[in-house]
Amino acid sequence: MDARVVGIPEVDGTERVAVVIDVMRAFTTAAWAFHRGADKIVLAADQDEALAIKAGHPGWLALKDGAPVSGFDLVNSPGLLRDADLAGRTVIQRTTAGTVGALAVVEATLALCASFVVAGATARVLRNAGADAVTFVATGEDGRAAEDLACAEYLDRLLAGERPDPGPYVHRAGNSPAAHALRAGRRRGAHPTDVGLCLEVDRFDFAMKVGLEEDLAVVRPLRTGPGAVSAAHRAR
Ligand SMILES: O=C(O)[C@H](CS(=O)(=O)O)OP(=O)(O)O
Ligand SMILES: [Mg+2]
């Protein structure tokens, strides 16, 4: 499978199969939200849109990164989400990079949101889809975030049918500027366990597919059992 790695500025709308990567922390957080029972995640382009979607959908929860803002219920932190009861809830997610990247490719034939915690499942969905080319969108630092690039390279090796030792990739991510900033407490809306939780390879057995539903960008978990990716998703 041909693979290319781009930053958000290079996304041009021609991507047919795209994997949007945000290890720290949007798509680790999203995976934890599904693990804690969330039904779906709706992506918002900015804070105002997140609050407008919430106003139109009583009971939906708004999540953002950074400092708290009135009207938001949850924080883009896996450590702060790991004990939340989200059973059956819809979460509206707005972050600095990950959700921006996912919105940029939401109309692709197949668009997945990925991080280390769903790496194996993401690779299985891509292989099942039979795609011949994939674009990895490393969302952090306009495509230079070490943790996202390490995850992209790990996924690429999985797609090649290899069984790489995740250690070196996790080590690179754990020594990234984003990891250091989180550990040093330089990020608002964080928890001391965030970095460790972002580095748990294959913590979950589902992938996360994003697509348009009634003009909203909706992320849903995609179980990777036999036949999990229907012909409709095949990106040949
Ligand atoms: O929430 C995050 O980890 C980052 C923003 S920052 O690094 O905390 O300032 O956003 P994301 O879109 O999850 O990379
Ligand atoms: Mg990030």
Side-chain angles (χ1 to χ4, degrees), residues 5-11 18-35 38 41-47 49-50 61-69 72-82 84 91-106 111-119 122 136-155 169-170 172-201 203-204 208 210 217 219:
V5 183
V6 300
I8 293 173
E10 288 80 39
V11 171
V19 179
V20 189
I21 299 171
D22 191 335
V23 170
M24 293 177 192
R25 290 164 290 171
F27 298 144
T28 301
T29 300
W32 269 97
F34 288 125
H35 181 65
I41 295 173
V42 173
L43 303 183
D46 53 43
Q47 293 181 22
E49 183 179 68
L61 299 169
L63 179 152
K64 70 177 289 293
D65 60 352
V69 167
F72 282 82
D73 313 281
L74 302 169
V75 180
N76 190 47
S77 159
L80 291 173
L81 213 59
R82 66 186 304 187
V91 174
I92 304 159
Q93 187 179 24
R94 152 50 189 173
T95 75
T96 301
T99 59
V100 174
L103 287 166
V105 297
V106 68
L112 301 176
C113 300
S115 54
F116 279 114
V117 297
V118 294
T122 301
F136 292 111
V137 182
T139 60
E141 300 168 50
D142 285 344
R144 296 184 305 276
E147 70 278 9
D148 295 337
L149 290 171
C151 188
E153 291 170 32
Y154 178 64
L155 284 167
Y169 302 91
V170 167
R172 281 166 53 192
N175 284 281
S176 64
H180 288 308
L182 285 165
R183 285 195 199 95
R186 295 199 301 272
R187 291 290 185 261
R188 300 285 304 275
H191 186 274
T193 62
D194 278 351
V195 173
L197 292 173
C198 290
L199 302 180
E200 291 187 324
V201 179
R203 175 72 175 72
F204 305 116
M208 298 188 289
V210 61
V219 185

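Quick caveat, the model's predicted, so the values are computed rather than measured. Whatever order the structure lists them in is the order used to number ligands and atoms, beginning at 1.
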Are there any protein N or O atoms under 3.5 Å from the N or O atoms of ligand 1? List them with distances, or say none.
unit_1: ligand 1; atom_1: 1 (O); unit_2: R25; atom_2: NH2; d: 3.1
unit_1: ligand 1; atom_1: 1 (O); unit_2: N76; atom_2: ND2; d: 2.8
unit_1: ligand 1; atom_1: 3 (O); unit_2: M24; atom_2: O; d: 3.4
unit_1: ligand 1; atom_1: 3 (O); unit_2: R25; atom_2: N; d: 3.2
unit_1: ligand 1; atom_1: 3 (O); unit_2: R25; atom_2: NE; d: 2.8
unit_1: ligand 1; atom_1: 3 (O); unit_2: R25; atom_2: NH2; d: 3.3
unit_1: ligand 1; atom_1: 7 (O); unit_2: R187; atom_2: NE; d: 2.9
unit_1: ligand 1; atom_1: 8 (O); unit_2: R25; atom_2: NH2; d: 3.1
unit_1: ligand 1; atom_1: 9 (O); unit_2: R187; atom_2: NE; d: 3.3
unit_1: ligand 1; atom_1: 10 (O); unit_2: D65; atom_2: OD2; d: 3.1
unit_1: ligand 1; atom_1: 12 (O); unit_2: D22; atom_2: OD2; d: 3.0
unit_1: ligand 1; atom_1: 12 (O); unit_2: T95; atom_2: OG1; d: 2.6
unit_1: ligand 1; atom_1: 12 (O); unit_2: T96; atom_2: N; d: 3.3
unit_1: ligand 1; atom_1: 12 (O); unit_2: A97; atom_2: N; d: 2.7
unit_1: ligand 1; atom_1: 12 (O); unit_2: G98; atom_2: N; d: 3.0
unit_1: ligand 1; atom_1: 13 (O); unit_2: D22; atom_2: OD2; d: 3.2
unit_1: ligand 1; atom_1: 13 (O); unit_2: R25; atom_2: N; d: 3.0
unit_1: ligand 1; atom_1: 13 (O); unit_2: A26; atom_2: N; d: 2.9
unit_1: ligand 1; atom_1: 13 (O); unit_2: N76; atom_2: ND2; d: 3.0
unit_1: ligand 1; atom_1: 14 (O); unit_2: D22; atom_2: OD1; d: 3.2
unit_1: ligand 1; atom_1: 14 (O); unit_2: D22; atom_2: OD2; d: 2.8
unit_1: ligand 1; atom_1: 14 (O); unit_2: M24; atom_2: O; d: 2.9

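- Side chains of P78 and H191 form no contact here, defined as non-hydrogen atoms less than 4.5 Å apart.
- Using a 4.5 Å heavy-atom cutoff, the side chains of M24 and R187 are not in contact.
- Counting only protein N, O or S atoms, the number found under 2.8 Å from the Mg ion (ligand 2) is 2.
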Worked verdict on Q93 versus V219 for side chain to side chain contact (heavy atoms under 4.5 Å, CB included): CA-CA 10 Å; Q93 187 179 24; V219 185; 5.9 Å; no
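- Residues that satisfy the side-chain hydrogen bond (donor to acceptor under 3.5 Å, both in side chains) test with D73, not counting sequence neighbours, are K54.
- In this structure, Y154 has no side-chain hydrogen bond (donor to acceptor under 3.5 Å, both in side chains) partners at least two apart in sequence or on a different chain.
- Contact annotation: the side chain of S115 never approaches that of C198 to less than 4.5 Å [non-hydrogen atoms, C-beta and beyond].
- Between L155 and I21 the shortest side-chain heavy-atom distance falls below 4.5 Å.
- Without hydrogens or angle criteria, E153 side chain to A150 main chain gives no donor-acceptor distance under 3.5 Å.
- Screening V5, V137, V20, V23 against D148 for a side chain to side chain contact (heavy atoms under 4.5 Å, CB included) leaves a single residue, V23.
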